[in-house]
Amino acid sequence: MKRVETVDAVREQIARWRRRELSVAFVPTMGNLHDGHIALIRHARDRCDRVVASSFVNPLQFGPDEDFDSYPRTLEQDIERLIEEQTGLLFTPDVDTMYPQSQTGATLVSVPHLSGILCGAHRPGHFDGVTTVVAKLFQIVQPDVAVFGEKDYQQLTLIRRMVADLCMPIEIDGVATQREADGLAMSSRNGNLSEEERAIAPRLFQSLRAAADRLSGGEDIAEIEAAGVNALREAGFRPAYFEVCDAANLSEPNDETAEYVILAAAHLGRTRLIDNIRVNRGVGE
């Protein structure tokens, strides 16, 4: 595996692969890799001839009171794992490389409605930071396929919409959420949980499964959402939201909805957790 830190070095390597007519898959990450990330790398390897990964903790998507400075950075361990997975190229830019004229006043890429709901309503500016950095990375790597996890379902939906709206010739693949044995969605932030909090954390997914059962049984959506919030509070979480949406575009479900997605976000101690579950219309009805 080759590690590079500059835009020119990425483009030079991609150009060499393109001259050999090799296809390229891209997995953008913020590092601190776990088995969920490795599932993305393996999916990318199955899709294309060469795999590019990036590791960049993007300051533009962190709010002033969020955990940018304390976000776990484990580059040496990450490099070892990526080598084991036969990754072809690792791009590790610094902030000046990604924002050469500073973050202040930088051009932003925004998906207006989708960026302001769910997590976006509680983290103003977060998704503008995400779509901006992903658009920049896409411009640098110019992959055939880009791979993202379904754990952050809103992020995946935004990126698909951005790619469609901006006519980017990139196929976006979503990979199923990877879970611990007790159901907790794998996340770099799970390491911030205390032992007691870690024992409680799986109840987030349990609450989503219970909601999915109630939705399949035809219960009222508003009642399902209220019950989900109450379940999280009783377990010791501080819920931000618990909502049932149309899986296609995160709109309010209607008679045309073919698939639902139930999404939740909640704090447990100082750690913010997110998760989701999808339900096909008609299951149990």
Side-chain angles (χ1 to χ4, degrees), residues 34-37 39-40 114 116-123 126-127 130 148-160 174-194 196-254 257-285:
H34 50 68
D35 288 348
H37 294 108
L40 305 184
L114 286 173
I117 61 174
L118 301 168
C119 284
H122 297 270
R123 303 180 68 187
H126 166 70
F127 283 119
V130 170
F148 295 84
E150 292 181 348
K151 180 177 75 74
D152 195 333
Y153 194 87
Q154 184 176 6
Q155 173 180 274
L156 177 60
T157 305
L158 263 95
I159 289 167
R160 284 179 167 152
V175 174
T177 303
Q178 305 298 299
R179 299 187 181 278
E180 306 291 352
D182 57 9
L184 178 64
M186 292 182 181
S187 170
S188 297
R189 289 186 168 96
N190 290 349
N192 295 330
L193 297 168
S194 68
E196 180 181 359
E197 290 164 351
R198 177 61 185 80
I200 295 170
R203 295 179 69 174
L204 177 59
F205 185 51
Q206 292 168 16
S207 70
L208 288 167
R209 288 196 300 184
D213 289 342
R214 297 181 68 177
L215 185 61
S216 297
E219 293 191 34
D220 178 72
I221 287 177
E223 293 180 3
I224 292 170
E225 292 173 338
V229 169
N230 289 335
L232 292 177
R233 283 182 178 146
E234 290 173 1
F237 292 88
R238 301 192 309 280
Y241 63 81
F242 193 105
E243 294 191 25
V244 180
C245 298
D246 188 312
N249 53 22
L250 299 182
S251 63
E252 184 177 345
N254 56 42
T257 297
E259 184 181 29
Y260 304 98
V261 60
I262 310 172
L263 308 102
H267 277 89
L268 188 57
R270 63 189 180 95
T271 305
R272 188 177 189 275
L273 302 176
I274 61 171
D275 205 347
N276 67 84
I277 192 170
R278 282 182 286 171
V279 182
N280 287 325
R281 191 182 189 96
V283 175
E285 293 181 0

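If you read the sequence from its start, that first residue is 1, and numbering goes on from there. Remember, it's a predicted structure, so these values are computed and weren't measured experimentally.
Here E219 pairs with R214 under the side chain to side chain donor-acceptor pair (under 3.5 Å) rule; sequence neighbours left out. In this structure D213 satisfies the salt bridge (charged side-chain N to carboxylate O under 4.0 Å, His left out) test with no other residue, sequence neighbours excluded. Scored by the salt bridge (charged side-chain N to carboxylate O under 4.0 Å, His left out) test, R160 finds no partners at all (sequence neighbours excluded). Residues that satisfy the salt bridge (charged side-chain N to carboxylate O under 4.0 Å, His left out) test with R189, not counting sequence neighbours, are D67. Residues satisfying the side chain to side chain donor-acceptor pair (under 3.5 Å) criterion with N230, sequence neighbours excluded, are absent altogether.
Here the side chains of P202 and R179 are not in contact, with every heavy-atom distance at 4.5 Å or above. Using a 4.5 Å cut-off on side-chain heavy atoms (C-beta onward), N276 and I262 make no contact.
Judged by distance alone, with hydrogens and angles left aside, the side-chain atoms of E180 form no donor-acceptor pair with the main-chain N or O of M186 at under 3.5 Å. Remark: side-chain polar atoms of H267 are not paired, donor with acceptor, to backbone N or O of G269 under 3.5 angstrom. The backbone N or O of R123 sits nowhere less than 3.5 Å from a side-chain atom of H126 that would complete a donor-acceptor pair.
Neither side chain, R278 nor Y260, offers a donor N or O lying under 3.5 Å from an acceptor on the other.
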Pair L204-L184, side chain to side chain contact (heavy atoms under 4.5 Å, CB included): steps then yes or no: CA-CA 8 Å; L204 177 59; L184 178 64; 5.8 Å; no
When you look at R272 and C119, which way does the side chain to side chain contact (heavy atoms under 4.5 Å, CB included) test go after all the steps? CA-CA 11 Å; R272 188 177 189 275; C119 284; 3.3 Å; yes
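Between L273 atom CG and L268 atom CG the span is 6.0 Å, to the nearest 0.5 Å. Note that CZ of F127 and OG1 of T157 are 9.0 Å apart. Values are rounded to the nearest 0.5 Å.
Salt-bridge check for D182 with R198: passed, with a basic side-chain N closer than 4.0 Å to an acidic carboxylate O.
The shortest non-hydrogen separation linking A231 to S207 is CB-CB, 4.5 Å.
Listed by first and then second residue, the side-chain hydrogen bond (donor to acceptor under 3.5 Å, both in side chains) pairs involving residues 238-249 are D246-T257, N249-S251 (not counting sequence neighbours).
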